[in-house]
Protein chains: 4
Amino acid sequence: MESTPTKQKAIFSASLLLFAERGFDATTMPMIAENAKVGAGTIYRYFKNKESLVNELFQQHVNEFLQCIESGLANERDGYRDGFHHIFEGMVTFTKNHPRALGFIKTHSQGAFLTEESRLAYQKLVEFVCTFFREGQKQGVIRNLPENALIAILFGSFMEVYEMIENNYLSLTDELLTGVEESLWAALSRQS
Amino acid sequence: MESTPTKQKAIFSASLLLFAERGFDATTMPMIAENAKVGAGTIYRYFKNKESLVNELFQQHVNEFLQCIESGLANERDGYRDGFHHIFEGMVTFTKNHPRALGFIKTHSQGAFLTEESRLAYQKLVEFVCTFFREGQKQGVIRNLPENALIAILFGSFMEVYEMIENNYLSLTDELLTGVEESLWAALSRQS
Amino acid sequence: MESTPTKQKAIFSASLLLFAERGFDATTMPMIAENAKVGAGTIYRYFKNKESLVNELFQQHVNEFLQCIESGLANERDGYRDGFHHIFEGMVTFTKNHPRALGFIKTHSQGAFLTEESRLAYQKLVEFVCTFFREGQKQGVIRNLPENALIAILFGSFMEVYEMIENNYLSLTDELLTGVEESLWAALSRQS
Amino acid sequence: MESTPTKQKAIFSASLLLFAERGFDATTMPMIAENAKVGAGTIYRYFKNKESLVNELFQQHVNEFLQCIESGLANERDGYRDGFHHIFEGMVTFTKNHPRALGFIKTHSQGAFLTEESRLAYQKLVEFVCTFFREGQKQGVIRNLPENALIAILFGSFMEVYEMIENNYLSLTDELLTGVEESLWAALSRQS
DNA sequence: TATGAATGAGTCTTCATTCAT
DNA sequence: AATGAATGAAGACTCATTCAT
């Protein structure tokens with residue numbers, strides 16, 4: 001009844017953890033096989049090769065990340081600050097549902113092994129947030145920095161904070177999240 | 001009379017560029033040798049092995065980064081905001097003097113190949129900024145977030161911005177720097 | 001009431017084609033399964049393993065080749081030249097009834113995977129023709145060359161000609177066959 | 001002083017023997033390395049990969065074979081039968097100077113791993129003999145068979161005879177060679 | 001009986017490292 | 001001191017074979 005075979009799922013999550021922890025190159029296929037409790041050859045029944053595996057993993061998570069952000073924003077039309085709140089909430093939701101996934105995305109988004117398709121998926125994510133910022137700048141509520149700088153500040157901070165949480169240098173509380181959200185809003189918004 | 005032999009320097013800078021661009025695992029010793037215009041065996045006269053090489057490279061640049069930050073702060077006692085300005089300036093100076101070095105530090109700071117010593121060097125860097133933030137919190141000018149969150153926001157943003165610059169997604173101007181500094185100050189400081 | 005199951009036949013003929021075309025090692029069991037329109041596991045119901053498969057295939061075709069040659073010769077007692085004609089005809093008949101089989105035999109007759117039994121089957125084939133040549137030498141109509149040399153000339157030529165035909169470098173006509181038969185007879189027979 | 005490094009030669013001759021004996025697919029790189037008394041990695045200093053190795057081996061020997069045949073023919077203008085004698089002598093010389101090489105060429109000339117260049121080299125060899133046959137047909141001394149059939153008979157026989165010799169089914173004597181030459185001439189020439 | 005998902009032994013190939021020159 | 005040829009351990013990947021269904 002499962003649409004995705006159970007072994008494929010095991011390979012996927014083992015990969016995610018290992019790639020996030022050690023990086024693409026330092027992760028060996030036998031490692032993945034062992035962690036997924038699967039024979040080494042089995043991986044190749046589901047993925048053409050190691051590169052296919054990272055790329056599928058990357059795209060799936062980037063797309064889901066984008067979904068989380070979009071879905072928060074889609075169903076309402078309050079003020080811009082609320083919009084930001086929903087985006088932030090989407091990011092938080094994603095990280096909660098997919099531990100390590102953000103770290104994986106961060107450390108692999110520049111990899112030479114990424115296909116054009118993977119790069120485009122990431123680009124779409126960036127584009128979405130850019131559009132949101134552009135709108136904010138038009139409304140005069142977002143700082144007059146290049147969009148890429150705004151993205152870098154938002155994502156750079158958020159990812160680093162989450163890496164700290166996942167490495168237990170920081171503990172995940174509502175208070176922390178609220179604080180970080182406010183801090184980032186301050187970083188991005190025009191001071192009144 | 002040169003303390004550091006010229007070949008060693010060549011190996012060092014070739015390594016930095018390659019590690020920053022491709023990562024530790026994807027960089028081969030022959031690659032380094034070729035870019036440094038040196039025989040492959042020569043590297044081993046100056047470094048015990050590949051791990052020694054990254055670690056020495058990492059420590060040297062982390063230490064220099066710390067120096068840049070410290071030196072800005074050391075010779076004055078103006079207000080706290082000025083202190084932050086000096087730190088930021090130190091960070092900028094470092095990236096200007098050592099192109100790619102910040103990218104290298106960022107992408108390698110979680111590497112499994114880092115020795116305890118390297119980790120401590122990085123820790124010292126973090127510690128220094130933490131101390132600065134703690135002081136600011138005592139003075140009531142810095143947000144009441146965990147120090148590690150503050151660090152994550154400062155470094156995460158800054159490194160991401162610099163990666164964008166080095167990949168030509170953003171062009172380095174004084175205006176940009178001023179803007180980013182203000183943004184980060186807003187992120188870290190208590191709103192009045 | 002079929003003595004040989006239909007699936008086994010499918011496996012046999014798929015194997016023959018693939019082995020002839022690509023060789024034993026370059027042919028994979030999944031390939032055979034696919035071409036035979038059979039599950040990979042099914043092959044193992046009929047053959048112990050890949051080596052069994054080639055060996056059975058080899059023996060069956062070598063034996064049938066021998067039969068073709070023998071049957072031509074058996075039922076008559078005309079002159080020696082007629083005997084040669086019947087042998088040649090038998091060889092032609094075999095290649096017509098079993099396309100690719102001669103190519104398969106040729107390219108696999110030295111394989112390390114052949115069992116003693118397979119080698120003996122091939123030996124028996126050779127022996128039969130040797131006997132025929134020995135008789136001819138006794139009668140003074142066949143050249144005084146070592147039997148193995150005569151075999152080499154007859155089989156070597158014939159197989160090469162058939163390979164050319166099967167690869168479309170040569171088209172199969174009665175004229176060609178007559179010409180080749182005459183040529184080979186000239187090669188083997190004592191010139192008057 | 002050696003133009004070709006000694007290790008490369010060792011790899012070459014070990015390869016030739018193994019490929020001739022077992023075939024391309026059944027020969028492993030470690031096997032070659034061991035027989036050449038060389039580390040496995042060393043092979044890759046001299047040859048890009050296994051396919052490069054066979055192809056270089058193939059081309060070199062095919063070219064040398066052609067040379068042997070051509071050189072015999074080049075420096076004289078006696079009768080056509082003498083020309084054939086020189087070709088045959090060239091073939092014999094080649095097999096003497098390069099044991100196993102002819103077997104290697106024979107069993108690998110249809111390989112899927114051969115590059116276009118290798119195929120062309122083989123084609124050139126065939127072409128040369130074809131031209132010789134065509135000339136003979138014009139003079140009315142060679143049978144009126146398709147050139148490819150003549151080639152198949154000449155090469156098929158010769159290669160098979162040599163395989164027998166190298167497998168000790170036949171012992172190499174002048175008498176044998178003279179006998180085979182006469183036999184093949186009878187196969188190819190128009191009977192008077 | 002038939003299947004094909006799963007396995008892991010065995011390939012080719014790369015690359016950190018050594019060492020004779 | 002400097003080199004780069006040589007090595008072999010280790011990684012990605014294939015495929016004969018098994019076995020639960």
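All chains are named by letter (A, B, ...) in the order of the sequence lines, taking the proteins before the strands, and each is independently numbered beginning at 1. Keep in mind it's a predicted model, so treat the numbers as computed, not measured.
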(message) Which is more 5' along DNA chain F, the nucleotide nearest Ala40(D) or the one nearest Ala40(A)? Just name the residue.
(response) Ala40(D)

(request) Take the protein atom NZ of Lys48(B) and the nucleotide atom P of dA16(E), then report the distance between them rounded to whole Å. (result) 15 Å

(message) Of all nucleotides in DNA chain F that come within under 4.0 Å of a heavy atom of chain A, which is furthest toward the 5' end and which toward the 3' end?
(response) dG11(F) to dT14(F)

(message) Restricting to non-hydrogen atoms, name the atom on Gln59(D) and the atom on Ala121(D) that form the minimum distance, rounded to 0.1 Å.
(response) CG-CB, 4.4 Å

(request) Sort out the partner of dG10(E) for me: Watson-Crick or G-U wobble, both distances under 3.5 Å, none otherwise. (result) dC13(F)

(request) Please name the pair of heavy atoms, one in Leu16(B) and one in Pro99(B), separated by the smallest distance, quoted to 0.1 Å. (result) CD2-O, 3.8 Å

(request) Respond yes when some side-chain nitrogen or oxygen of Tyr44(C) is under 4.0 Å from OP1 or OP2 of dA2(E), and no when none is. (result) no

(message) Heavy atoms within less than 4.0 Å of DNA chain E: which residues of residues 22-39 of chain A have one? Give them sorted by number.
(response) Val38(A), Gly39(A)

(request) Report the distance from atom CD1 of Ile43(C) to atom C1' of dG4(E), rounded to the nearest whole Å. (result) 12 Å

(message) Return whichever of Gly41(A) or Glu51(D) has its heavy-atom-nearest nucleotide of DNA chain E closer to the 5' end.
(response) Gly41(A)

(message) Show the nearest heavy-atom pair for residues His61(A) and Ala101(A), with the distance to one decimal.
(response) CD2-CB, 3.7 Å

(message) Using whole Å, what does the distance between atom P of nucleotide dA9(E) and atom CG of Asn49(C) come to?
(response) 18 Å

(message) In whole Å, I'd like the distance from the CZ atom of Arg45(D) to the C1' atom of dC12(E).
(response) 18 Å

(message) Can you give me the closest heavy-atom contact between Leu114(D) and Ser109(D), atom names plus distance?
(response) CD1-O, 3.7 Å

(request) Over all heavy atoms of both residues, which pair between Leu66(B) and Leu125(B) is shortest? Give the atoms and the distance, please. (result) CA-CD1, 3.8 Å

(request) Could you tell me whether a side-chain N or O of His108(B) sits under 3.5 Å from a main-chain N or O of Phe24(B), the two making a donor and an acceptor? (result) yes

(request) Using a 4.0 Å heavy-atom cut-off across all strands, classify Phe47(B) as base, sugar-phosphate, or nothing. (result) nothing

(request) Starting from P on dT14(E), measure out to NZ on Lys50(D) and report it in whole angstrom. (result) 14 Å

(message) Less than 6.0 angstrom from the centroid, inside 45 degrees of the normal: does Lys50(A) satisfy that with respect to the ring of Phe113(A)?
(response) no

(message) Counting neighbours of CD on Glu64(A) that are heavy atoms of other residues, nucleotides or ligands and sit closer than 6.0 Å, is the number greater than 12?
(response) yes

(request) Sort out the partner of dA16(E) for me: Watson-Crick or G-U wobble, both distances under 3.5 Å, none otherwise. (result) dT7(F)

(request) Calculate the interatomic distance between Lys7(A) atom NZ and dG4(E) atom C1'; express it in whole Å. (result) 14 Å

(request) Establish, yes or no, whether the cationic atom of Lys7(D) lies under 6.0 Å from the six-membered ring centre of Tyr46(D) and within 45° of the ring axis. (result) no

(request) Select one nucleotide: of dT7(E), dT13(E), dA2(E), the one nearest the side-chain heavy atoms of Thr42(A). (result) dT7(E)

